[in-house]
Amino acid sequence: MTKTPIAAELRRIGPALVLLQALLPVHPARALPAALPHTTTVETSDPAWFARDTIPFDLPAQPLHQALTRYAEQAGVQLFYRREQLPTQDSPLIRGQGSPRAVIAQLLADTGLDFRLGSNRTLVISAPMPGTADSASAIAPPATANPMRPLEETYVTGVRTSLRQSLATKYASENLVEITTAEDIGKFPDHNVADALQRIAGVSVDRVWGEGRDVNIRGTDKDINRTLLNGQHVASAYWWANDNLSRGFNYATLASQLVQSLEVHKTPRADLDEGSIGGTVIVRTRKPLDMDSRALHLSAGQQYSALAGDWAPQGSALGSWKNDAQTFGLLASLNWQRRGSRRDGLETFADNNLYTITDGQGTVTDKVYAVWGGGSAMLEQERRHTTSNLTAQWAPDARWDLALNLLRSQMDIDNRNHNFLFSPGGYKLSETPAVTVTDPEYLTSDDGHKILAGGTLGNPDSVGAILDSIQRQAYIDTAVNDMDIRHRGERWENHVQFGHTSARGGTSHDRLYRFTGNSRVRFHLDRNTLEAEYLDLDPQNPAALDHLSPLSRDWVRAMDSREHYAQWDLGRDFGDGWLQHARFGLKYRNHRVENNLTVGEIDTESAAWQTLHNIGLDQVSGGLSPSLSDQSASADTLVRYALTDAALLQSVINPLFNDGAMRYRYDRSAYFSIREQSLAAYASIDFEAGAWAGNAGVRGVGTRQRASAYDRDQLHHADNRYRDLLPSVNLQYRMDEDLLARVGIAQVMARPNFKDLTPNIIVEPTSGYGAAGNPQLEPYRADQLDLALEWYFADASLLSATAFYKDISTFVYPHVNPEMIDGELHYITRPQNGPGATIRGLELQWQQGFSGNVGILSNYTYTDASVPSADGSRTLELPGNSRSQFNASLYFENPRLDARLSYNYRSRSYGEIIAGSQSETAAYQQWDATAQWRWSATLAFSAEAINLTDEVIRIHSAAGIPQGLYENGRRFAVGVKMEF
């Protein structure tokens with residue numbers, strides 16, 4: 001088919017421009033040439049978004065009805081037409097920037113059809129109608145030979161529409177990127193943003209708390225991948241006592257209602273922030289000028305946690321407004337959620353100390369690892385989460401676009417944690433002399449030492465049973481203040497963005513009430529088994545634990561993360577010849593993290609302690625626990641025991657704490673502060689020549705760090721500096737209109753985690769072993785290569801294969817060595833740089849829309865990754881990696897119903913090294929389902945089911961010691977949505 005002048009001009013502009021103007025619009029807007037003569041009367045009242053605003057279009061030559069469908073998606077309109085009126089001809093090829101009006105005029109040229117714009121972004125296509133008509137008449141069915149046949153409607157909502165939009169952007173992209181788009185407010189396939197990301201090839205999610213929180217990409221840990229909000233860092237903090245400030249992003253703080261799209265950039269570009277080895281996630285939020293004016297979206301619902309037996313309410317509201325000229329708009333949203341949950345766990349706490357074991361025959365075995373403690377745990381949590389967002393956007397003309405985005409997230413988390421424990425390392429083996437272990441069972445750690453895995457811990461007159469009752473009031477507060485300014489000229493574009501983000505998390509109180517009882521203990525540990533028998537007491541009898549331990553305590557912790565940033569981008573559009581665009585830019589970041597801890601400790605000399613010490617569990621008991629760990633318990637596993645009552649703890653014990661039994665002090669040894677400043681500059685070009693297109697650039701960045709901590713009473717500082725030059729090249733070869741080949745070559749880097757940079761020693765509150773930092777660490781550095789083949793073989797369909805290779809030249813390893821601290825010998829873990837890792841992988845994707853409103857999305861990722869051990873004696877698995885990941889979703893949709901059934905599988909994954917062995921999380925699979933039924937244009941009902949088969953998370957050491965067997969249970973949600 002002969003291309004029209006407009007189509008030829010759009011083909012010359014090229015597909016690369018489409019993505020860059022849609023995702024990173026740092027180039028001048030380029031309007032379509034004037035439309036060919038058309039019979040449509042131009043309405044002077046046509047709004048700016050339809051007649052004058054330019055947006056990217058990518059419409060291949062195809063049957064006209066398919067082209068109209070894609071046009072509706074990209075223009076954000078609803079089309080009404082009769083199929084029999086459409087001529088049997090292909091549409092012209094249209095790629096580039098243009099107004100919705102100019103593009104529909106070009107699509108309908110030479111068809112004899114007319115179009116008229118109605119209200120609420122509706123567009124009616126029909127045979128030419130004489131004269132002019134108002135909007136009301138424009139949406140009435142025109143006279144035809146079959147007047148009873150209803151108009152067909154091309155919907156701009158729906159699963160398949162979202163997939164088309166995502167694939168259109170991926171197709172036009174120069175680098176390798178995966179995209180998930182929400183086609184309507186709150187219409188992500190998952191309510192949790194991290195859970196939505198796990199549907200993307202190469203992305204896996206940590207579900208240890210029952211929902212996605214941390215994201216790993218292509219076998220690399222969360223801490224060496226970055227998540228950006230509208231292109232900028234978002235400060236993150238955590239609430240759990242064993243969590244530390246990290247470079248990861250806490251997805252639990254982000255409401256999915258705010259999100260327009262999620263992008264996972266697997267190959268870098270020079271204009272993207274550095275700091276990722278596996279990939280960079282960019283979360284895009286909504287803007288008011290892109291939405292309907294005076295729109296209001298409301299939702300309300302209930303979420304049910306089956307294990308907790310708890311119904312919890314949730315609701316959201318989002319409203320947008322813009323003036324008649326569509327030059328100024330406001331968007332405001334509020335999302336509120338309460339969630340009650342329970343997690344049953346069988347867990348042990350590793351200890352890097354080595355013990356001497358004497359068995360019943362007097363045989364002595366030296367240098368044996370033993371867990372500090374282990375037992376049966378029940379965590380109950382009530383979470384209240386509020387997220388608010390205000391966005392103001394001003395675009396006085398086609399050249400200027402200014403957006404102010406304010407985001408606040410506040411999460412309060414109340415925890416009640418009970419753990420009935422035996423304690424080999426913490427008590428029995430630390431006695432003087434250590435107890436005898438009858439019939440000891442041993443496993444062998446990776447470093448050759450034995451590990452005590454079973455036996456009978458003797459001495460009925462020493463502490464053998466512990467109930468730890470933790471009452472924790474935790475919080476996470478996050479704020480973003482961002483200003484984004486763009487100016488487009490004829491050839492040049494300036495972009496300035498600056499702002500501030502902060503996060504604060506921790507606990508206002510984290511009180512541990514420890515009750516003890518004397519007993520011998522018979523225990524047995526293996527990969528999926530934790531069994532303990534208390535031979536001299538009954539765990540269901542609260543009187544058996546007759547003393548409050550002097551090791552009861554309180555933690556008041558605050559971790560702060562703050563960043564100021566500013567960047568300037570300058571773009572130049574050439575348009576002619578092979579050189580399409582050039583970009584230059586600068587970015588400055590000033591980031592600071594700080595950790596503070598105030599400790600409440602028992603004062604055994606106080607008069608109040610003499611009373612408090614003799615308070616047993618029976619005086620504060622709230623009865624028995626429910627039956628715990630139904631799926632992971634074995635014959636001799638403790639599944640029920642006496643619990644504390646929170647109200648009794650408050651009324652019986654806390655007054656004695658306040659009367660002097662507990663003294664508070666600021667813990668200088670836990671303090672650290674890290675200030676990190678970076679300055680980056682980049683230059684890049686976009687090019688196109690025939691079937692070839694691509695991007696090449698280089699990013700240079702200098703990093704300066706100052707880590708501060710106390711050594712006794714003196715504050716010490718340690719400085720470090722390093723520079724990186726990061727080139728990248730992305731090539732795309734268009735074999736034909738549906739088949740693309742891609743090549744990506746780049747050097748990347750990721751800075752060490754904050755806790756690894758601290759110059760002090762941090763004592764983990766659960767296990768008690770020491771961990772120290774190293775402020776002189778060099779960053780992770782890697783060379784990477786990607787080869788991809790993508791076949792867009794049908795509507796909303798893709799078949800692709802991607803091979804990737806990463807050579808990580810610099811890695812960070814933990815080293816465990818004995819050190820003298822204040823005259824005592826401790827085993828301290830310190831990170832050190834060491835030899836690097838290699839990652840080889842293959843990603844396969846297949847998604848297809850079938851007839852009958854059914855479609856499938858699926859992907860498989862294989863990753864082979866390994867690293868040498870710190871001493872070079874053995875090979876370890878890369879932390880965060882799983883060899884195999886598989887995702888599949890089957891969806892059904894029609895104008896009334898959207899439904900999706902999803903399956904996620906992740907093979908065994910790996911973690912840190914403790915007690916001589918690497919931590920492993922067993923293979924995990926999960927089924928989820930979602931559905932939405934539209935009652936009317938303004939009312940819809942939704943339902944969601946998470947973890948349908950009630951899967952268990954199983955974590956153990958490579959040597960076979962169980963570290964955590966966690967049951968989070970099923971979750972269900974029902975809701976109603978209203979749109980006005």
Side-chain angles (χ1 to χ4, degrees), residues 221 347-359 363-374 424-426 429-430 434 437 440-455 523 525-528 530 755-756 761-764 766-774 777 808 811-821 825-838 865-881 908-922 954-964:
D221 189 68
E347 52 190 14
T348 66
F349 306 110
D351 191 338
N352 280 324
N353 293 311
L354 295 169
Y355 299 91
T356 297
I357 307 297
T358 303
D359 67 13
T363 303
V364 177
T365 305
D366 291 323
K367 296 184 177 180
V368 177
Y369 288 118
V371 298
W372 178 93
L429 299 178
S430 297
V437 181
E441 302 172 20
Y442 296 107
L443 298 172
T444 303
S445 69
D446 295 348
D447 63 5
H449 291 293
K450 290 185 176 181
I451 307 173
L452 182 63
F523 73 99
L525 306 175
D526 68 29
R527 190 172 297 264
N528 292 307
L530 192 157
K755 73 181 180 71
D756 290 335
I761 298 175
I762 302 173
V763 177
E764 298 291 346
T766 302
S767 64
Y769 68 81
N774 179 359
L777 286 175
I808 305 177
F811 209 73
V812 176
Y813 296 87
H815 288 251
V816 181
N817 292 300
E819 297 184 22
M820 296 299 296
I821 308 295
L825 183 66
H826 294 272
Y827 286 89
I828 304 299
T829 301
R830 290 185 183 272
Q832 301 287 342
N833 285 118
T838 57
S866 60
V867 296
S869 62
D871 58 8
S873 61
R874 62 192 188 279
T875 299
L876 302 174
E877 301 292 343
L878 187 67
N881 181 49
R908 180 172 51 183
S909 59
Y910 304 92
E912 61 181 340
I913 300 172
I914 302 177
S917 289
Q918 189 168 20
S919 176
E920 299 179 354
T921 300
R954 302 179 185 274
I955 307 171
H956 52 77
S957 71
I961 297 295
Q963 296 172 337

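Numbering of residues begins at 1 and proceeds along the displayed sequence. Here the structure is a predicted model, which means the values were calculated and not measured.
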Nearest heavy-atom pair of Y910 and L878: which atoms, and what distance?
CB-O, 3.9 Å
Euclidean distance, L354 CG relative to D351 CG, rounded to 0.5 Å
8.5 Å
Minimum heavy-atom distance F523-A453, with the two atoms named
CE1-C, 3.7 Å
Atom pair CG (N528) and NE2 (H956), whose distance is rounded to the nearest 0.5 Å
6.0 Å
By salt bridge (Lys or Arg N to Asp or Glu O under 4.0 Å), which residues pair with E347, not counting sequence neighbours?
none
Show the nearest heavy-atom pair for residues V812 and P831, with the distance to one decimal.
CG1-CB, 3.6 Å
Please test L525 against L530 for side-chain contact (heavy atoms from CB on, under 4.5 Å), starting from the C-alpha separation and ending with a verdict.
CA-CA 5 Å; L525 306 175; L530 192 157; 3.8 Å; yes
Yes or no on side-chain contact (heavy atoms from CB on, under 4.5 Å) for L452 and L429, after CA distance, side-chain angles and deciding distance?
CA-CA 11 Å; L452 182 63; L429 299 178; 4.1 Å; yes
Take N833 and N774 through the test side-chain contact (heavy atoms from CB on, under 4.5 Å) and record every step on the way to the result.
CA-CA 10 Å; N833 285 118; N774 179 359; 5.8 Å; no
CG-OH distance between N352 and Y369, expressed to the nearest 0.5 angstrom:
6.0 Å
Just by distance, do the side chain of S430 and the backbone of G425 share a donor-acceptor pair under 3.5 Å?
yes
Drop me the distance from D446's CG to I451's CD1, to the nearest 0.5 angstrom.
7.5 Å
Is there a side-chain contact between I961 and S917 in this structure, where contact means two heavy atoms from C-beta onward sitting under 4.5 Å apart?
no
Indicate yes or no for a side-chain donor-acceptor contact from Q918 to the backbone of G911 under 3.5 Å, with no hydrogens or angles considered.
yes
What is the distance from atom CG of L443 to atom CZ of R527, rounded to the nearest 0.5 Å?
9.0 Å
Nearest 0.5 Å, what's the OG-NZ distance between S445 and K450?
11.5 Å
Go through the structure and list residues passing side chain to side chain donor-acceptor pair (under 3.5 Å) with T356, not counting sequence neighbours.
D366
Taking the side chain as C-beta and beyond, is there a heavy-atom pair between S919 and I914 under 4.5 Å?
no
